[in-house]
Participant: 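Here it is: the structure, laid out below.
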Amino acid sequence: MSEPAAETTGPGFWETVRAELLDGDQVDLVLRLTALLAMANAVKPFAPKIVVALMMGATLFSRTLLRSRGWWLMVTFFVVSTTSMRWYTADNHKWLWGYWLFACAIAAGERGDVARRVLAFNGRWLMGLCMLAATIWKIVGWQYFDGSFFVYTLHFDSRFAIVTQQLGQPGHAYQDARQAFGRVASSLQPQSVTHTQAMLAFALFACYWTIFIEALWSLAFCSTRPRWLHDKRDLVALVFIATTYFLAPVHGFGSLLVVMGLAQCPVDKWRTRLGYLAALVMLHVAYPWTQTVWRIDPGALGNLIGE
Amino acid sequence: MPLAAYLAPVVLVVVAISHQVLTRVTPLTPWKGGGFGMFARTDASASRVLIALGRTADGKRLRIELDRPLVTPTDSRKLRALPLRGGLELIARSCLHHEMVRDGNVLRVPDPRKPQQGRRLIRLVSVTVQVYARALDIEAQQLSLEPIGPEVTLER
C-alpha cells in the first residue's frame with residue numbers, strides 16, 4: 001500500500017489577497033484601480049459620465065485595453081475635453097484626473113519596470129504639486145490666518161452643521177445665519193451673523209492645521225530633503241486623508257490621491273500599500289455614512305435626541 | 001522613461017501658474033480653473049450672486065429676477081465664476097429688451113402661460129448688472145456683499 005499523499009493546503013485568504021493586491025503586477029493593479037474609480041469620479045455631467053463608465057468598464061475586463069496607450073489617450077482626451085468645456089463647474093480633482101489618466105496612458109504603453117517607474121514618478125509629483133498649489137492658494141488667499149475661512153464655512157456649509165452645533169452655536173443662531181445667507185442677496189443689506197468663541201477657536205485651529213499638513217505634504221513629496229520627511233511621505237498622506245475626508249465629502253479627490261499614493265509607494269512597503277487600500281475602502285464605505293449624519297438638519301437631529 | 005512621462009506634472013505647473021495670474025488680472029474665482037484654489041477663499045461661485053437692478057421711467061430702482069429668458073442657469077454659473085463685461089452686457093441688453101411686471105419689490109419677465117390680470121407692463125430705462133460675493137467680517141460679525149468684477153450699466 002502506498003502512503004497517503006501529504007495533505008496540501010492552498011494559500012490562505014489573506015495570503016491570496018496579499019499576493020493579488022500587493023505582490024502581483026503593480027502596474028495592472030494601479031491601472032485597474034484607476035479605471036474603476038474613473039468610472040464614478042473622472043467627470044461630473046451625466047452623459048459624459050456614462051461614456052467614461054463604459055470605456056473604463058471595458059478596460060477592467062480587457063487586458064488588451066488595459067495596456068493600450070491609444071485607448072487610455074482616448075479616455076484622457078474625452079475627460080480633459082469635458083472638464084475644459086465645463087470649467088465653470090469642474091472641481092480641482094477633475095483636472096487632476098486628466099493629468100493622471102495621461103500618465104496612465106504613457107505607462108500603459110510601456111513594459112516591465114519602465115511602466116511602474118512612469119506611474120511612480122507621476123504619482124509622486126502630481127500629489128506633491130497639487131498640494132503645493134493648494135498651500136500657496138491658502139497662503140495668498142489670506143483668509144486662513146485669522147480663521148475667517150472656516151468661520152464662514154462653519155456658518156454656511158451644511159456639511160459642517162453638526163460641528164457648528166457641537167461648538168456651542170445655538171440652533172436658532174445657526175438657522176439665522178443660514179437665512180442671512182439668502183437675505184443678504186435679496187435685500188442687498190448687510191446681515192448680522194453671530195458666532196461663538198469656540199467656533200472662532202476651532203476655525204483658527206482648522207485653518208493652521210490645514211496649512212501645516214498641506215505644506216508638510218507638498219514638501220514631503222516634492223523634495224527628497226529632509227530625507228526622514230520624504231521617507232515618511234506616505235504617513236503624511238494617510239494622516240491627511242484620514243482627517244480631511246472624514247469631514248469633507250469630496251471622496252472623488254481622496255480616491256485619486258489614494259491611487260496615486262499607491263502608484264508611487266515602493267513595492268517592498270507592503271504595509272503602507274495596504275494602508276492606502278484601507279484608506280480607499282474607508283473613503284467609500286465608512287465616510288459616506290458619517291457624512292450622511294453630518295448632513296442631517298441639526299434641528300431635526302435635536303428633536304431626534306430629545307434636546 | 002519616455003519624455004512624455006514628464007508632461008503631466010509640467011502641464012499641472014503651467015496651468016496652476018496661469019490660474020494664479022488669471023485670478024489676478026480677471027475676477028475668476030479661485031475655486032474654478034484648475035489651479036487647486038478650492039477651499040482657499042470664501043468667494044466660490046456658490047457664494048457669488050448675480051444681481052441686476054432696473055430703473056423704471058418713474059425713477060424707481062428695483063431688483064430684476066434673473067431667470068429664463070433673461071439668462072440661462074449655465075450662463076449664470078459661468079458669470080458667477082468669471083464675471084466678464086461682455087457677458088454682463090448681454091444680460092443688461094436682454095433686460096432692456098424684455099417688458100417686465102412688478103412683483104412686490106422685484107421685476108420679472110411675465111410668464112406667457114399665466115394670465116397677468118391687468119398688471120402693467122414695464123419697460124426699463126436703464127439696467128445695472130454686477131456680480132457680488134458674500135463676505136463675512138468676523139470682527140463685526142456681519143455678512144455683506146462685495147462687488148466682484150465690472151459693473152455694467154446700459155441705458156435705453
Side-chain angles (χ1 to χ4, degrees), chain A residues 83 87-92 94-96 98-100 102-103 105-107 109-110 114 117-118 121-122 125-126 128-134 136-138 140-144 146-149 151-153 155-156 177 180-181 184-186 188-195 200 203 210 248 250, chain B residues 1-13 15-17 19-20 23-24 28-51 53 63 74-82 105-106 132 134-145:
Chain A
T83 302
W87 63 268
Y88 52 93
T89 58
D91 290 341
N92 287 332
K94 304 299 181 199
W95 298 88
L96 197 57
Y99 305 136
W100 180 244
F102 180 77
I106 302 305
E110 299 296 331
V114 179
R117 284 195 293 129
V118 168
F121 174 85
N122 278 276
W125 280 99
L126 291 177
L129 290 169
C130 77
M131 213 51 85
L132 179 65
I136 290 171
W137 254 117
K138 287 175 179 72
V140 301
W142 214 250
Q143 289 185 341
Y144 269 64
D146 64 354
S148 58
F149 176 83
V151 173
Y152 185 97
T153 304
H155 273 307
F156 305 120
F181 188 82
V184 73
S186 57
L188 311 181
Q189 296 297 319
Q191 303 291 317
S192 175
V193 174
T194 55
H195 54 253
L200 187 58
T210 304
V250 274
Chain B
M1 285 200 301
L3 207 57
Y6 300 91
L7 196 58
V10 172
V11 175
L12 185 152
V13 171
V15 172
I17 292 172
H19 183 256
Q20 281 282 349
T23 51
R24 273 152 186 74
L28 174 66
T29 172
W31 287 62
K32 301 297 173 196
F36 298 97
M38 282 179 83
F39 298 98
R41 289 186 58 83
T42 54
D43 61 332
S45 303
S47 289
R48 292 180 173 191
V49 56
L50 179 63
I51 289 175
L53 296 172
R63 174 109 183 247
T74 301
D75 286 341
S76 175
R77 291 179 95 162
K78 275 184 192 170
L79 279 171
R80 280 185 285 125
L82 177 59
N105 288 325
V106 179
Y132 292 86
R134 291 174 178 90
L136 180 66
D137 182 338
I138 58 169
E139 295 287 325
Q141 305 208 15
Q142 198 172 64
L143 184 70
S144 56
L145 294 180

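Values in this document were obtained by computation on a predicted structure and should not be read as measured data.
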Participant: Relative to chain A, which segment of B:A16 carries a heavy atom at a distance below 4.5 Å: side chain, backbone, both, or neither?
Facilitator: side chain

Participant: Run the salt-bridge test on B:K32 and A:D91 with the 4.0 Å N-O cut-off and return the result as yes or no.
Facilitator: yes

Participant: Cation-pi check for A:W137 against B:R24: NZ or CZ below 6.0 Å from the six-membered ring centre and within 45 degrees of the axis, yes or no?
Facilitator: yes

Participant: Taking the inter-plane angle between the rings of A:W125 and A:F121 on a 0 to 90° scale, is it parallel (under 30°), tilted (30 to 60°) or perpendicular (over 60°)?
Facilitator: tilted

Participant: Given that the side chain runs from C-beta out, which part of B:R63 has a heavy atom under 4.5 Å from chain A: side chain, backbone, both or neither?
Facilitator: side chain

Participant: Please classify the contact between B:A46 and chain A as side chain, backbone, both or neither, with a heavy-atom cut-off of under 4.5 Å.
Facilitator: backbone

Participant: Kindly write out the residues that satisfy ring pair (Phe, Tyr, Trp, His ring centres under 6.0 Å) with B:W31, not counting sequence neighbours, or none if the list is empty.
Facilitator: B:F39

Participant: Identify, with sequence neighbours excluded, every residue that meets ring pair (Phe, Tyr, Trp, His ring centres under 6.0 Å) alongside A:F149.
Facilitator: A:Y144

Participant: Among A:W142, A:W87, A:Y99, which has the most heavy-atom pairs under 4.5 Å with chain B?
Facilitator: A:Y99

Participant: If I measure from the heavy atoms of chain A, does B:L53 come under 4.5 Å with its side chain, its backbone, both, or neither?
Facilitator: side chain

Participant: If you count heavy-atom pairs within less than 4.5 Å of chain B, which of A:A185, A:S192, A:A107 leads?
Facilitator: A:A185

Participant: Less than 4.5 Å to any heavy atom of chain A: does that hold for the side chain of B:V49, its backbone, both, or neither?
Facilitator: side chain

Participant: With a 4.5 angstrom heavy-atom cut-off, could you sort out which part of B:I51 is near chain A: side chain, backbone, both or neither?
Facilitator: side chain

Participant: Given heavy-atom pairs under 4.5 angstrom as the criterion, report whether the side chain, backbone, both or neither of B:I17 touches chain A.
Facilitator: neither

Participant: What part of B:T23 gets within 4.5 angstrom of chain A, counting heavy atoms only: side chain, backbone, both, or neither?
Facilitator: side chain

